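To start, the structure itself, in structure tokens.
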Amino acid sequence: MLNATTGTWLAAFLTLGLFSWMYKENPWFRLVEHIYVGAALGVLASQGYQSVMDIAWKPATQQGKTLLYVPLILGALLFSRWSKKYMWVSRSSMGFLVGTLSAVVMTGAIKAQLTAQVAATMMPLNSANNIIFFVITAAATMYFVFTLQAKWASPIMDLGKYGMMIAFGATFGNTVMSRISLFTGRLQFLLFQWLKLTPGGS
Amino acid sequence: MQFVKSKLPVVVTFGAAFIIVAQYYFNIPAWKTLAAEFLRWNVIIAAFALALGIGGIVKLHWGRISRRQPTAVYSAATLITLAIFLFVGLYETTRGKTYTWLYDFIYNPVAATSYATTFFFITSAAYRAFRIKNSYAAVLMISAILMMLQVGVFSVYLPVAPKIAAWVWNIPTTAGMRAVTIGAALSVVGNAFRVITGLERGHLGGGE
């Protein structure tokens with residue numbers, strides 16, 4: 001029963017259900033929308049369970065890595081959040097989780113987003129492209145210096161705003177194009193895989 | 001007890017973060033091993049946090065069903081789909097045949113179609129964004145249109161468009177985004193520092 005043909009029909013039912021929103025919001029769309037939420041949660045839950053089993057439970061119980069019981073206990077303590085009285089029990093687990101994440105994000109941001117980006121902007125100003133690049137980066141960075149209120153800086157900040165508008169516009173244009181290609185992909189699925197029409201009509 | 005309730009979580013946050021940050025500055029192998037172990041623990045605890053979140057959603061939908069609200073049928077659809085994916089995922093692992101079928105023919109099509117439908121949202125947003133109110137909006141529009149003109153039939157009728165679009169992407173766009181990245185990085189570092197030092201404690205939650 002769970003073969004490719006049944007799967008294709010089911011996928012077409014779900015795809016058309018989501019596309020039916022283009023007409024107006026309707027029960028078919030809402031049903032598929034809720035199925036999507038359930039499926040996404042199911043995928044996340046299965047993958048989470050799998051990773052806990054592979055990374056922690058099996059090494060702890062079968063290979064004698066007893067230290068891995070610590071994160072398992074810390075993780076289990078998180079469920080105390082469901083009780084108002086014992087919510088405080090989960091604080092240390094949450095602190096560990098957020099502390100490690102903050103450290104990873106902070107070091108990553110300093111390395112990749114700050115020092116690397118600043119270093120890459122320090123280029124020889126020997127071509128028009130390099131000059132334009134440097135000026136736009138410097139001007140747009142200045143726009144984020146909120147403590148600066150000097151009048152002389154205002155035109156530079158304006159230039160920075162134009163630079164950012166170019167960047168936002170280009171990113172927006174690219175996003176639109178990528179969404180169109182996704183939409184085309186779903187139409188191709190409906191026409192060529194489900195209805196089995198031949199591309200080009202031959 | 002007060003220490004365990006309010007001080008210990010801050011100490012744990014700072015200690016865990018300190019171990020990970022300090023390994024960049026001190027070349028001590030044992031420290032690096034501990035930091036790697038902490039990152040592994042993070043993945044494990046994050047999986048439990050995920051389960052906590054999923055539990056919250058299940059509670060919400062179960063409440064709608066038990067109160068027989070008009071949307072109960074949709075909540076039932078969510079819970080049934082979740083149960084099927086979870087049961088199959090636990091029974092035959094995420095590498096199993098049935099799970100792969102569910103993933104390929106239910107999850108993948110709806111995920112791709114959801115993103116595809118955002119095309120319509122984005123088009124209506126474009127209409128609003130491109131109404132030229134000032135020179136900034138004009139620059140935004142020209143830049144976006146250049147990007148859209150570089151592909152498909154437009155590039156055939158306007159062969160110079162891809163070259164201009166490539167220049168706009170490589171020089172002013174990269175430069176503008178670099179400034180945004182630097183600004184965002186500064187705020188990320190500042191916020192992470194507040195969390196690590198205990199100035200920001202929202203994540204620890206309320207309760208007694």
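Every heavy atom of this structure was used, including side-chain atoms; hydrogens, water molecules and symmetry mates were not. Fair warning: this is a prediction, and the values are worked out from it, not measured in the lab. A, B, ... follow the sequence lines: proteins, then strands. Residue 1 opens every chain.
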Item to complete: Tell me whether the centres of the aromatic rings in F26(B) and W31(B) are closer together than 6.0 Å.
Response: yes

Item to complete: Could you tell me which portion of V195(B) (side chain, backbone, both or neither) has an atom closer than 4.5 angstrom to a non-hydrogen atom of chain A?
Response: side chain

Fill in: Distance flag, aromatic centroids of F19(A) and F183(A), threshold under 6.0 Å
yes

Worksheet item: What residue, out of V139(B), T181(B), T117(B), I171(B), has the most heavy-atom pairs lying under 4.5 Å from chain A?
Response: I171(B)

Discussion item. With a 4.5 angstrom heavy-atom cut-off, is it the side chain or the backbone of L72(A) that approaches chain B, or both, or neither?
Written reply: both

Discussion item. For the interface with chain A, which of F14(B), F85(B), W41(B) has the highest count of heavy-atom pairs at distances below 4.5 Å?
Written reply: W41(B)

Discussion item. Would you say CH2 of W82(A) has more than 12 non-hydrogen atoms from neighbouring residues, nucleotides or ligands within 6.0 angstrom?
Written reply: yes

Response to the item:
Looking only at D104(B), L146(B), T123(B), I106(B), most heavy-atom pairs under 4.5 Å shared with chain A are made by I106(B)

Worksheet entry | Centroid separation F29(A) to Y23(A) less than 6.0 Å | no

Fill in: Winner by heavy-atom pair count (cut-off under 4.5 Å) against chain A, out of N191(B), V88(B), V58(B), T118(B)
T118(B)

Discussion item. Between V4(B), N42(B), V43(B), L86(B), who has the most heavy-atom pairs with chain A when the cutoff is under 4.5 Å?
Written reply: N42(B)

Discussion item. With a 4.5 angstrom heavy-atom cut-off, is it the side chain or the backbone of V89(A) that approaches chain B, or both, or neither?
Written reply: neither

Practice prompt. Heavy-atom distances under 4.5 Å only: say whether S83(A) touches chain B with side chain, backbone, both or neither.
Written response: neither

Worksheet entry | chain A contact via L50(B) - side chain, backbone, both or neither, heavy atoms under 4.5 Å | side chain

Worksheet entry | Contacting region of L67(A) [heavy-atom separation from chain B under 4.5 Å] | both

Item to complete: Mind ranking Y99(B), F87(B), F18(B), Y103(B) by heavy-atom pairs under 4.5 Å with chain A and telling me who comes out on top?
Response: Y99(B)

